[in-house]
Amino acid sequence: MIDKPRGPFRYGDRVQLTGPKGKLHTVTLREGGELHTHVGVLTHAQLIGLADGSVVENTAGHEYLALRPLLRDFVMSMPRGAAIVYPKDAAAIVQQADIFPGAVVVEAGVGSGALSLSLLRAIGEGGSLTSFERRPDFAEVASLNVETFFGELPPQWRVVEGDLAEELPAETEPGSVDRIVLDMLAPWEVMPAVADALAPGGVVICYVATATQLSRTAEFIRGLGGFTDPDASETMVRGWHVEGLAVRPDHRMVAHTGFLLTARKLAPGTIAPEAKRRASKSSYGDEDVEIWTPGAVGDREITDKNLRRRVREAQKAVDGARIAAASRRADEGHDEEPETVHPEHPADDEGEAPTRA
């Protein structure tokens, strides 16, 4: 049973501190821990036993608001092995794909686990999520991030290392999957396997970064058949400053991060009615296809040194989460001592990046 994020702060809890001028710091509470800034020192012990939403002062008298991070806060501050799906896009994916409690969901690739967190929240304890990831190092970071957030690895989640096109037929029965979410460079390469795994009426949703990827994926789905006509969209979020009569849009916004392309699986042998469209330049040749190849689209590389650092950060965070989970179980009457942190991975957040700049 996954712990609910409530109750007084304990050692091992992850806490978001909002200090002077709104600057955020995310720390994992540990015995003897301290938050050092240019405006003083705040000890972790000051927070132990306080409720969410409490205010504490550091040595210089500056006040900090202490709250457990929301899912969106955690995602934006967690260690990353790969680029994440932003909260605005994760929310759109859950809604547009209709991820429901009890759903059987497949995801590829898992990246740093940001989208996995939203999918696991949506399917609940009665659903199942199978996440495919080709890179073991990314899968490790994702698993650590998920365990840190939930306090344990959810039993309804499996991470399969390998290519979805090759592994999906062995992991699922044909027509048994309700929803498939593809966050990968070339979604069209796995669409035949996706078509076999989806149940009639099931949804496939693709998250792609560029217009060329979007076009290639949409045309491949149309050519493959067996799906409704793909629907494409993107989500932009613009904040507003609201203070008295000073009401105006913020100077900065979270604009384009990616496109979402959604289609539904048809019943076997069904051909969807042809959509009536105006004549357009929808045809393409070999030179256009070459532009759509994964090599031409480009892939984001991360150095081995950088990735090893991200793994260490994720390991430190999960050590704290394990301590907090053991402490909560002990408080509930279970005879269990808090887990000892491995000396190679002390629960120390010194030098951790703030949630937002």
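All of these numbers come straight from a predicted model, not from anything done at the bench. Side-chain atoms are counted along with the backbone in the values below, which use heavy atoms only and exclude waters and symmetry mates.
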Ion pair check, E152 and R322, cut-off under 4.0 Å = no
CZ of R238 to NE2 of H251: how many Å apart, nearest 0.5 Å?
-> 11.5 Å
Hey, is R252 close enough to D250 for a salt bridge, meaning N to O under 4.0 Å?
-> no
Specify the closest pair of heavy atoms between P69 and R14, including all atoms of both residues, with the distance to one decimal.
-> CD-O, 3.1 Å
Which heavy atom of L198 sits nearest a heavy atom of D178, and at what distance?
-> CD2-O, 3.7 Å
Less than 3.5 Å apart, which donor and acceptor atoms pair up between the side chains of residues 266-273 and the rest of the protein, not counting sequence neighbours?
residue, atom, partner, partner atom, Å
T270, OG1, A267, O, 3.1

So do the side chains of T235 and Y86 get within less than 4.5 Å of each other, counting heavy atoms only?
-> no
NZ/NE/NH1/NH2 to OD/OE distance under 4.0 Å, D13 and R68 = yes
The reported gap from CD in E219 to CG in L224 (rounded to nearest 0.5 angstrom) is 12.5 Å
According to a 4.5 Å side-chain heavy-atom criterion applied to Ile, Leu, Val, Met, Phe, Trp and Tyr, with indirect links allowed, do V203 and L120 form part of one hydrophobic cluster?
-> no
Any donor-acceptor N/O pair, S54 side chain to A51 backbone, under 3.5 Å | yes
Rounded distance (nearest 0.5 Å) linking atom CZ of R10 with atom CG of L50 = 12.5 Å
For the residue pair V146 and S116, what are the closest heavy atoms and their distance?
-> CG2-CB, 4.5 Å
Give, for atom CZ of F138 and atom CD of E161, the distance between the pair rounded to the nearest 0.5 Å.
-> 12.5 Å
side-chain contact (heavy atoms from CB on, under 4.5 Å) between V94 and I99, intermediate numbers included = CA-CA 5 Å; V94 169; I99 310 294; 4.3 Å; yes
Partner of L17 under side chain to side chain contact (heavy atoms under 4.5 Å, CB included), picked from T37, T26, V27, L67, is V27
Closest non-hydrogen atom pair, L164 against A108 | CD1-CB, 3.4 Å
Sub-3.5 Å donor-acceptor pair from the side chain of T148 to the main-chain atoms of V318, do we have one?
-> yes
Kindly work out whether a path of hydrophobic side-chain contacts (I/L/V/M/F/W/Y, heavy atoms less than 4.5 Å apart) joins L119 to L71.
-> yes
Kindly indicate whether the side chain of M76, heavy atoms from C-beta on, has any atom under 4.5 Å from the side chain of P87.
-> yes
Within-4.5 Å side-chain heavy-atom neighbours: W157 and S131 | yes
Is there a path of hydrophobic side-chain contacts, each under 4.5 Å between heavy atoms of I, L, V, M, F, W or Y residues, that connects I48 with V56?
-> yes
Sidechain-backbone polar pair: S77 side chain, D73 backbone, donor-acceptor under 3.5 Å | yes
Looking at side-chain heavy atoms only, is the closest gap between R264 and F227 below 4.5 Å?
-> no
F220-F259 co-clustered via ILVMFWY side chain contacts under 4.5 Å | yes
Compare every heavy atom of A263 with every heavy atom of P230, then report the nearest pair and how far apart it is.
-> CA-CB, 4.3 Å
Charged N-O contact under 4.0 Å between D319 and K316 | no
Does the pair S143 and E140 meet the rule for a side-chain hydrogen bond (donor to acceptor under 3.5 Å, both in side chains), with working shown?
-> CA-CA 5 Å; S143 296; E140 181 183 6; over 6 Å; no
Between D89 and L260, what is the shortest heavy-atom contact and its length?
-> O-CD1, 4.4 Å
Distance-only, no hydrogens or angles: does the Q156 side chain make a donor-acceptor pair with backbone N or O of L129 under 3.5 Å?
-> no
Taking it one step at a time, do V106 and V181 satisfy side-chain contact (heavy atoms from CB on, under 4.5 Å)?
-> CA-CA 6 Å; V106 166; V181 185; over 6 Å; no
So, do I205 and L182 sit near enough that their side-chain heavy atoms are less than 4.5 Å apart?
-> no
Which distance, rounded to the nearest 0.5 Å, do you find between the CD of Q315 and the CG of N145?
-> 11.0 Å
Does a sphere of radius 6.0 Å around CD in E173 hold more than 12 heavy atoms from other residues, nucleotides or ligands, not counting ones at 6.0 Å or beyond?
-> no
Before giving the answer on side-chain contact (heavy atoms from CB on, under 4.5 Å), spell out for V41 and L35 the whole-Å C-alpha distance, their side-chain angles and the decisive distance to 0.1 Å.
-> CA-CA 6 Å; V41 179; L35 172 66; over 6 Å; no
Judged by atom type as modelled, is there a donor-acceptor pair below 3.5 Å linking the side chain of Q213 to the main-chain atoms of A209?
-> yes
Would you check, one step at a time, whether the test side-chain contact (heavy atoms from CB on, under 4.5 Å) holds for T43 with Q46?
-> CA-CA 6 Å; T43 64; Q46 293 175 247; 3.0 Å; yes
Is any side-chain heavy atom of F132 less than 4.5 Å from a side-chain heavy atom of L168?
-> yes
Any K88 side-chain heavy atom under 4.5 Å of T257 side chain | yes
Measure the CG-CD distance between L65 and Q16 for me, rounded to the nearest 0.5 Å.
-> 8.5 Å
So does R179 pair up with E107, basic N to acidic O under 4.0 Å?
-> no
Any link between F100 and L117 through a network of hydrophobic side chains (Ile, Leu, Val, Met, Phe, Trp, Tyr) touching at under 4.5 Å?
-> no
T130 side chain to R158 backbone, donor-acceptor under 3.5 Å | no
Is any side-chain heavy atom of M191 closer than 4.5 Å to a side-chain heavy atom of V194?
-> yes
With no hydrogens and no angle check, is any side-chain donor or acceptor of E133 less than 3.5 Å from a backbone partner on R135?
-> yes
Would you please say whether a donor-acceptor pair under 3.5 Å links the side chains of H256 and E234?
-> yes
